[in-house]
Amino acid sequence: MALRSYRILQGETRMLVKLDLPSALRSMEEAVASTREKLVAHIQRFPEFRWSLEPVQKPKEPLDPVISEMYEAGWRAGVGPFASVAGAIAQAATIAAVEAGAKNVLAENGGDICLYGDRSYLVAIYAGTSPFSEKIALRVKPGRQIRGLCTSSSTIGESISFGEADAVVVYHPSSAIIADAAATSICNEVRGRQGMSSAVTKAKEIGEIGAVIIRGEEMAFWGRLPQVVRISSAECDLVAKPETHSRAPSLS
């Protein structure tokens, strides 16, 4: 069955959804709303979860699984837990669609993508003015588990970044939350003459990921990535483009 496209617009969340079961859209919308509500409630009690740029100790109390994984991803990547919020919301929506019976799902939230399905997906990389922008893509093979493919940029979009990369795309075989946190962390490393090398070193430290790092005319690869192919954007299922992000100042 062909994938149909939809938009989920809630507060700062601007999500593009593609799925093969239209009735699952309602479950995705409810998951986005529920996840946002839980995040707001948690931030009210623990503001450092939202504002810290460094890893934060997890509270000693039962936590929603999404929030718990955000804390863990922050420690793994060396960033604040909220760095993974866009991937977290995309992941929650994708899981909800699968539980509702969808067989193929893509949820793209400001360049952070969660995928699931029995077909392959071709995702182009947008890297601003770099000559590599929308000239290469990742072909994600089918698999019966969610995959994370998340993008961070220092030159595009609204997310906080301290680096100089046009695009850092991270693939994780089972978590968009980890992929999102890792993309932010690696992007922060792309500074100065040794920036690309430092970014690859950071990717190695995080582990269990694949990364594409682009700065101008420089490009580096590390780890276990989906197949990298040359494309025209018209061929792709999605373009990973971090322009509108869920990292706005609030989730109100």
Side-chain angles (χ1 to χ4, degrees), residues 1-43 50 64-67 69-70 73 81-119 121-124 126 140 145-153 156-159 169-170 172 174-181 183-184 233 236-252:
M1 181 182 293
L3 301 185
R4 298 180 64 176
S5 298
Y6 306 90
R7 290 280 183 179
I8 297 177
L9 308 177
Q10 296 185 25
E12 301 86 4
T13 300
R14 300 288 185 270
M15 187 179 295
L16 171 63
V17 171
K18 293 190 175 185
L19 74 166
D20 59 3
L21 183 67
S23 61
L25 180 63
R26 180 63 176 172
S27 296
M28 298 183 79
E29 293 172 333
E30 292 173 350
V32 171
S34 175
T35 302
R36 288 174 57 87
E37 289 173 3
K38 291 173 184 175
L39 287 167
V40 169
H42 191 73
I43 291 166
R50 168 64 183 90
D64 177 82
V66 170
I67 292 173
E69 189 174 350
M70 289 173 70
F82 206 72
S84 61
V85 65
I89 294 173
Q91 181 168 306
T94 301
I95 291 172
V98 173
E99 290 176 347
K103 302 299 183 185
N104 290 280
V105 187
L106 297 92
E108 188 265 344
N109 192 17
D112 295 318
I113 303 168
C114 193
L115 314 91
Y116 177 91
D118 57 12
R119 48 157 287 180
Y121 302 105
L122 192 61
V123 181
Y126 180 81
V140 183
Q145 63 181 15
I146 61 169
R147 316 289 180 90
L149 191 64
C150 296
T151 308
S152 186
S153 174
I156 309 158
E158 303 167 0
S159 58
V169 180
V170 170
H172 190 280
S174 61
S175 175
I177 296 176
I178 295 174
D180 194 2
T184 300
S233 58
C236 296
D237 295 293
L238 280 177
V239 178
K241 190 172 185 179
E243 286 195 317
T244 303
H245 228 292
S246 293
R247 294 188 182 132
S250 71
L251 278 169
S252 57

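Side-chain atoms of Ile89 and Met15, non-hydrogen and from C-beta on, do get closer than 4.5 Å to each other. Using a 4.5 Å heavy-atom threshold, the side chains of Arg4 and Asp20 count as separate. Residues Val105 and Lys18 fail the side-chain proximity criterion, which asks for heavy atoms closer than 4.5 Å. When side chains are defined from C-beta on, His172 does not count as touching Asp180, because their heavy atoms never get closer than 4.5 Å. Within the 4.5 Å cutoff, no side-chain heavy atoms of Ser153 are placed close to those of Tyr126.
The two atoms that bring Tyr116 and Ala102 nearest to each other are CE2-O, 4.2 Å, heavy atoms only. Residues Ala183 and Ser152 come closest through the heavy atom pair O-CB, 3.4 Å. Pairing each heavy atom of Ala240 with each of Gly111, the nearest pair is CB-O, 4.2 Å. When all heavy atoms of Leu16 and Ser5 are compared, the pair lying nearest together is CD1-CB, 4.4 Å. Between Leu21 and Leu19, the closest heavy-atom pair is O-CD1, 3.1 Å.
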Intermediate values then yes/no, side chain to side chain contact (heavy atoms under 4.5 Å, CB included), Met70 and Leu39
CA-CA 11 Å; Met70 289 173 70; Leu39 287 167; 3.8 Å; yes
Using the side chain to side chain contact (heavy atoms under 4.5 Å, CB included) rule, take Gln91 and Val66 through it: C-alpha gap first, then chi angles, then the decisive distance, then the call.
CA-CA 9 Å; Gln91 181 168 306; Val66 170; 5.9 Å; no
Determine, step by step, whether Glu99 and Ser27 satisfy the side-chain hydrogen bond (donor to acceptor under 3.5 Å, both in side chains) criterion, reporting the C-alpha distance in whole Å, the side-chain angles of both residues, the deciding distance to 0.1 Å, and the verdict.
CA-CA 9 Å; Glu99 290 176 347; Ser27 296; over 6 Å; no
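With rounding to the nearest 0.5 angstrom, the CG atom of Asn109 is 9.0 Å from the CD1 atom of Ile8. Expressed to the nearest 0.5 Å, how far CZ of Arg26 lies from CE of Met28 amounts to 13.5 Å. The CD atom of Glu29 sits 13.5 Å away from atom OG of Ser34, with the distance rounded to the nearest 0.5 Å. Here the CD atom belonging to Glu30 is positioned 10.0 Å from the CG atom belonging to Leu25, to the nearest 0.5 angstrom. Rounded to the nearest 0.5 Å, atoms NZ (Lys103) and CG (Asp118) are 8.0 Å apart. Atoms CD1 and NE2, from Ile67 and His42 in turn, are 5.0 Å apart once rounded to the nearest 0.5 Å.
Between the side chain of Thr94 and the backbone N or O of Ala90 there is at least one donor-acceptor pair closer than 3.5 Å. Looking only at distances, no side-chain donor or acceptor of Gln145 sits under 3.5 Å from a matching main-chain atom of Ser174. Checked by atom type and distance alone, the side chain of Ser84 pairs as donor or acceptor with a backbone atom of Pro81 at under 3.5 Å.
Salt bridge Arg119/Asp237: present, at least one basic N to carboxylate O contact under 4.0 Å.
Each of Ile113, Leu149, Leu238, Asn104 was scored for a side chain to side chain contact (heavy atoms under 4.5 Å, CB included) with Tyr121, with one residue passing: Asn104.
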